[in-house]
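All values below were derived from every heavy atom in this structure, side-chain atoms included, with hydrogens, water molecules and symmetry-related copies excluded. Residue indices begin at 1 and follow the sequence shown.
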Amino acid sequence: MKPSWAARARAGVARTTHAGEDAGRAAAARVPAGAESLGTASGDGEALSTVEGLVALGPLLAAAGLGLGVAAVSEPGPEPAGPAEAAAAAAMPPRRRLEFLAGRRAARRALRAVGLDCGEIPRRGRLPVFPPGRAASISHSAEIAVAVAAAPGRGLPVGCDLELRPLPREAARLVLCEDEESLLTDAGLPPGAGAAGSVTALFSAKEAAWKALTVITAEGREGPAGSLRELRVSPGGESLRVCLRAEPAHAVRVRVVRVGAGVFSYVTGRAGTRD
């Protein structure tokens, strides 16, 4: 489960944004085709519809040794897969319960896509705990859940993020450090497109990397803590390179694609020191 940084970013911006800016943000809701200069893939430049667009990405992820699963909150008959899921879901408000169960369904579908069965997926704190030999990452946005799973034997880091509610340009200060701000101004966006999509893309890339750089051990969680600003993102060809600022060699490659009005990011592998 990802931290609620997106909600915090929107709340923080809302306190300092005038109501008259709402129309401008709506006009910039889609990630522009020019965002591929940030290392994102935009295909033919047309934003894909949400569910169909996500499902269509399956072959792209399969080529990278990853399985993709998608589930909608609105699917009929959402039931827990076992007592641990049932206990966790029972303690949640109704809407959150549906999101939680959709995420578990998406994870099982992603694992099946790489030939792995999986029963219930309990959690430790806010993080999913998978059986030995299985690794997946789950994300939710706008009542859609998506998951990415690693094929067995590949040893790939796993992380994904779905953002269907684009962040405004003002949120950059909550996501990026000064040495990353040029990624917004130098993004090669078409005139009038605005930079809101780029903020969303960079936020999403960091979210996906955060998950991949987090390791669950018997003692708990190891990895970055605190803020997404602890991660540094830089261009890397068809993907973005995201590393820990404190340990630059500890890095992953993240690909960002447009889906509907937002973006979907997933980790494609580890990044070398020269990537």
**Study point:** Arg253/Thr268 under side-chain hydrogen bond (donor to acceptor under 3.5 Å, both in side chains): CA gap, chis, key distance, verdict
**Key:** CA-CA 6 Å; Arg253 287 178 282 108; Thr268 61; 3.0 Å; yes

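- How far CG of Leu231 is from CZ of Arg245: 8.5 Å, rounded to the nearest 0.5 Å.
- Panel note: side chain Arg241, backbone Gly236; no donor-acceptor pair is recorded below 3.5 Å.
- Judged purely by atom type and a 3.5 angstrom limit, Ser137 has no side-chain atom pairing as donor or acceptor with the backbone of Val148.
- Looking at heavy atoms from C-beta onward, Leu202 lies in side-chain contact with Leu240 at the 4.5 angstrom threshold.
- Annotation for Leu176 and Arg229: closest pair O-NH1, 2.6 Å, computed over non-hydrogen atoms.
- In this structure a side-chain-to-backbone donor-acceptor pair under 3.5 Å is present from Ser141 to Leu164.
- Between the side chain of Ser204 and the main chain of Phe264, no donor-acceptor pair closer than 3.5 Å is present.
- Val129 places none of its side-chain heavy atoms less than 4.5 Å from the side chain of Ile121.
- Taking the charged nitrogens against the carboxylate oxygens, Lys206 and Glu180 do have a contact shorter than 4.0 Å, which makes a salt bridge.
- Here the CG atom belonging to Leu57 is positioned 7.0 Å from the OH atom belonging to Tyr266, to the nearest 0.5 angstrom.
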Practice item. Dump the intermediate steps for side-chain contact (heavy atoms from CB on, under 4.5 Å) on Leu68 and Val55, then the final yes or no. Key: CA-CA 8 Å; Leu68 177 69; Val55 172; 5.8 Å; no

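- Side-chain atoms of Arg105 come within 3.5 Å of backbone atoms of Ala72 as a donor-acceptor pair (strictly under, hydrogens ignored).
- Across Val199 and Pro168, no two heavy atoms sit closer than the pair CG1-O, 3.8 Å.
- Distance alone, capped at 3.5 Å, places no donor-acceptor pair between the Arg134 side chain and the Ala150 backbone.
- Within the 4.5 Å cutoff, side-chain heavy atoms of Leu156 are placed close to those of Leu66.
- When atom types are taken as modelled, the side chain of Lys211 and the backbone of Ile138 share a donor-acceptor pair closer than 3.5 angstrom.
- Residues Ala145 and Ala106 approach most closely at O-CB, 3.9 Å, considering heavy atoms.
- Listed here is the closest heavy atom pair of Cys243 and Pro248: CB-O, 3.4 Å.
- Between Glu207 and Ser265 the shortest side-chain heavy-atom distance does not fall below 4.5 Å.
- Using a 4.5 Å cut-off on side-chain heavy atoms (C-beta onward), Pro128 and Arg104 make contact.
- At a threshold of 4.0 Å, the pair Glu85-Arg97 does not count as salt-bridged, since none of the basic side-chain nitrogens sits closer than that to a carboxylate oxygen.
- Here Arg109 pairs with Glu75 in a salt bridge; the nearest charged N to carboxylate O distance falls below 4.0 Å.
- Rounding to the nearest 0.5 Å gives a distance of 6.0 Å between CZ of Phe130 and CG of Leu111.
- Ion pairing of Glu247 with Arg232 is absent here, as no side-chain N (NZ or NE/NH1/NH2) approaches a carboxylate O to less than 4.0 Å.
- Remark: the backbone N or O of Asp117 is not paired with any side-chain donor or acceptor of Arg112 at under 3.5 angstrom.
- The side-chain heavy atoms of Pro80 and Leu101, taken from C-beta on, include a pair separated by under 4.5 Å.
- Separating the CZ atom in Arg255 from the SG atom in Cys160 is a distance of 15.5 Å, to the nearest 0.5 Å.
- Summarising the geometry of Gly260 relative to Thr50, their closest heavy-atom pair is CA-OG1, 4.2 Å, with the distance given to 0.1 Å.
- No continuous path of ILVMFWY side-chain contacts below 4.5 Å connects Val73 to Leu162, so the two sit in separate hydrophobic clusters.
- In the hydrophobic clustering of ILVMFWY residues, with side-chain heavy atoms under 4.5 Å counting as a link, Leu54 and Leu98 come out apart.
- Contact detail for Val252 and Pro157: the closest heavy-atom pair is CG1-CG, 4.2 Å.
- Using modelled atom types, one side-chain atom of Glu120 and one backbone atom of Ala84 make a donor-acceptor pair closer than 3.5 Å.
- With His140 contributing its side chain and Glu99 its backbone, the two residues share a donor-acceptor pair below 3.5 Å.
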